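Everything below concerns the one structure shown next.
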Amino acid sequence: ADFALAGTTTGDEAMQTTGTLMGMRATDSDLAVVPSPYVAPELLVDKSDVRTDIYALGVILFQMLTGHHPIAASAKDPDAIVHAIQNEVPTRLQQLRPEATNSLERVVQRMMAKDPDARYLDVAQARLALMSADVEPMVAVPRGPFLRGSRDDDPLGREEERPMRELDLGAFYIDRNPVTVAQFRRFLDGTQTPPPPGWERHNEIGSHPVVFVTWHEADAYARWSGVRLPTEAEWEKAARGSDGRQFPWGDDPPSPRQAHFGGKSSADSVGQRPEGASPYGAQDMAGNVFEWVADWYSKTYYAEAPEQDPPGPDDGRKRVLRGGSFVHEAFALRCATRGRYAPEERRANHSFRCAWSLG
């Protein structure tokens, strides 16, 4: 990407194009410019190269993630802005977004380093670093049709899972793994929310999926994170792909290599069974923890739902959970199995994962 920073342009040249530069705002004078918070320190002394663009990109990324500039950008005095660009340490990403991972923090701070030699060499290197950062990963589920529900001749199928129908969904992202205890702790800390009574007893290990959460708490976490709970249809497509398979890995019954289930005493750390991953790479969608989704429960909704992006019933008394858990037997791990509980209930095997629309 070229942000028009890796070079120098006079004010008149800028006004002849867009009226502004990404790093400097053109004025009526040929050479007079007013610094903006996107200006790299070297540009203030009329030096630049491709790493100057990396600085501006880092500032833009920080602003997109937090809604704020990383330096005192609100200063009206141009001299104050120049002083901040040259001397002020950029605000830490985690100060405004506590859920940001340490590696994402390092990438953003390196992009905004004062010394060009400390930044990434080019946009490709910065892009690779961002893709490799251990942000809480999501997997992409492409736009298109899939088969939802159970076949009429499936002896394990329930009436609430019928009929099997082809639905068409827009593209979306969904968490690779359920939300972990460590992630949920950041939410509690960031919102200064005390854990509910009994929560600590069920959530001692940071790598385990968070449990003992209500639907309302799962929804609040998703909103705080800038995402949402998946719809029931999205969850099922992410779990089984487009071909109507019984389990995320296919039609073979589950084994301990693929799922954590069958009367176990507690959940296991997320992502421990890659052999059980769905066609899109989502893990733990069968077993380990029962997962809240956005929808109200309706026994007849599979027959009544629209064929395009069904949003779920308008109201109800219970919310849907999917995927089975460590206490369930193999039957409950089927991709079509539907659970339902009151949204205020909390249990030691209830968890969730988040989704994000691709548009």
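Predicted, not measured: the structure shown is a model, and the values here were computed from it.
You'll find the side chain of Pro254 reaches within 4.5 Å of the side chain of Phe261, heavy atoms only. Between Val141 and Lys237 there is a side-chain heavy-atom pair separated by less than 4.5 Å. Considering only heavy atoms from C-beta on, Val227 comes within 4.5 Å of Met138 through its side chain. Residues Pro209 and Asn288 are in side-chain contact: their nearest non-hydrogen atoms beyond the backbone lie under 4.5 Å apart. The shortest side-chain heavy-atom distance between Thr214 and Tyr341 does not fall under the 4.5 Å cut-off. Looking at Met285 and Arg353, their side chains come closer than 4.5 Å, going by heavy atoms from C-beta outward. A 4.5 Å side-chain heavy-atom check between Asp243 and Phe146 finds every atom pair outside the cut-off.
Between atom CG of residue Asp251 and atom SG of residue Cys335 there is a gap of 9.5 Å, rounded to the nearest 0.5 Å. For the atom pair CG (Leu61) and CD (Gln63), the distance works out to 10.5 Å, reported to the nearest 0.5 Å. With rounding to the nearest 0.5 Å, the separation of OH in Tyr297 from CG in Leu321 is 12.5 Å. With rounding to the nearest 0.5 angstrom, the NE2 atom of His208 is 12.0 Å from the OG atom of Ser351. Taking CG from Leu188 and CH2 from Trp224, the interatomic distance works out to 9.0 Å, rounded to the nearest 0.5 Å. To the nearest 0.5 angstrom, Glu236 atom CD is 8.5 Å from Leu167 atom CG.
By the 4.0 Å N-to-carboxylate-O rule, Glu161 lies too far from Arg338 to be salt-bridged with it. In this structure, Glu234 pairs ionically with Arg228, as a charged nitrogen and a carboxylate oxygen lie closer than 4.0 Å. Electrostatic pairing of Asp189 and Arg185 does not count as a salt bridge here, judged by no charged N lying under 4.0 Å from a carboxylate O. Note on Arg257 versus Glu275: salt bridge recorded, some NZ/NE/NH1/NH2 to OD/OE distance being below 4.0 Å. Under 4.0 Å is where a charged nitrogen must lie from a carboxylate oxygen, and between Arg143 and Asp168 no such pair does.
By the criterion of side-chain heavy atoms lying less than 4.5 angstrom apart, applied directly or through intervening Ile, Leu, Val, Met, Phe, Trp or Tyr residues, Met112 is not grouped with Val45; the two fall into different hydrophobic clusters.
Residues satisfying the side-chain contact (heavy atoms from CB on, under 4.5 Å) test with Pro306, not counting sequence neighbours, are Tyr301, Pro310, Pro311. Shown here are the side-chain hydrogen bond (donor to acceptor under 3.5 Å, both in side chains) partners of Gln272, two or more places apart in sequence or in another chain: there are none. Residues satisfying the ring pair (Phe, Tyr, Trp, His ring centres under 6.0 Å) test with Tyr280, not counting sequence neighbours, are none. Partners of Arg162 under the side-chain hydrogen bond (donor to acceptor under 3.5 Å, both in side chains) rule, at least two apart in sequence or in another chain, are Glu159. The side-chain contact (heavy atoms from CB on, under 4.5 Å) test applied to Val82 returns Pro35, Leu44, Gln86, not counting sequence neighbours.
When all heavy atoms of Ala113 and Tyr55 are compared, the closest pair comes out as O-CD1, 3.8 Å. Heavy atoms only, all atoms of each residue included: Leu333 and Ala259 are closest at CD2-CB, 3.6 Å. Closest heavy-atom contact between Ser298 and Pro313: CB-CG, 3.7 Å. Of all heavy-atom pairs spanning Gly276 and Pro248, the tightest one is O-CB, 3.5 Å. Across all their heavy atoms, Glu217 and Pro196 have their closest contact at OE2-CG, 3.9 Å.
Of the possible donor and acceptor atoms, one in the side chain of Asp122 sits under 3.5 Å from a partner among the backbone N and O of Gln125. Of the possible donor and acceptor atoms, one in the side chain of Arg273 sits under 3.5 Å from a partner among the backbone N and O of Pro256. A donor-acceptor contact shorter than 3.5 Å is absent between the side chain of Asp154 and the backbone of Ser150. Side-chain atoms of Arg322 never come within 3.5 Å of backbone atoms of Glu291 as a donor-acceptor pair (strictly under, hydrogens ignored). Of the possible polar contacts, none joining the Asn349 side chain to the Phe326 backbone as a donor-acceptor pair under 3.5 Å is found. In this structure, the side chain of Arg119 engages the main chain of Arg51 through a donor-acceptor pair within 3.5 Å. Checking side-chain atoms of Asp219 against main-chain N and O of Trp215 turns up no donor-acceptor pair under 3.5 Å. One N or O on the side chain of Thr337 and one on the backbone of Phe331 form a donor-acceptor pair closer than 3.5 Å.
A donor and an acceptor atom, one from each side chain of Ser48 and Glu42, are nowhere located under 3.5 Å apart. A donor atom on one side chain and an acceptor atom on the other are not found under 3.5 Å apart for Gln246 and Asp252. Side chains of Thr91 and Gln95: no donor on one and acceptor on the other come within 3.5 Å.
A cation-pi geometry, defined here as NZ or CZ lying under 6.0 Å from the six-membered ring centre and within 45° of its normal, holds between Arg148 and Tyr302. Under a cutoff of 6.0 Å and an axis angle of 45°, Arg245 and Phe247 do not form a cation-pi pair. Both tests hold for Arg110 against Tyr120: distance to the six-membered ring centre under 6.0 Å, angle to the ring axis within 45°. Remark: Arg319 fails to qualify as a cation-pi partner of Trp292 under the 6.0 Å distance and 45° angle criteria applied to the six-membered ring.
By the 30° and 60° cut-offs, the orientation of the rings of Phe352 relative to Tyr221 is perpendicular. Using cut-offs of 30° and 60° on the angle between ring planes, the pair His350 and Phe290 is tilted.
Side-chain rings of His68 and Phe62 stay apart, their centers remaining 6.0 Å or farther from each other.
Residues Leu147 make up the rest of the hydrophobic cluster containing Met164, defined by ILVMFWY side-chain heavy atoms closer than 4.5 Å, directly or through other members.
Residue Tyr173 places its OH atom among 12 or fewer non-hydrogen atoms of other residues, nucleotides or ligands, all under 6.0 Å distant. In the displayed structure, His216 atom NE2 is contacted under 6.0 Å by more than 12 heavy atoms of other residues, nucleotides or ligands. Dense packing is recorded around CG of Asp115, with more than 12 heavy atoms of other residues, nucleotides or ligands lying under 6.0 Å away.
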For Lys299 and Glu160, run salt bridge (charged side-chain N to carboxylate O under 4.0 Å, His left out): C-alpha distance rounded to whole Å, both residues' side-chain angles, the deciding distance at 0.1 Å, then the answer.
CA-CA 5 Å; Lys299 182 177 181 179; Glu160 65 180 6; over 6 Å; no

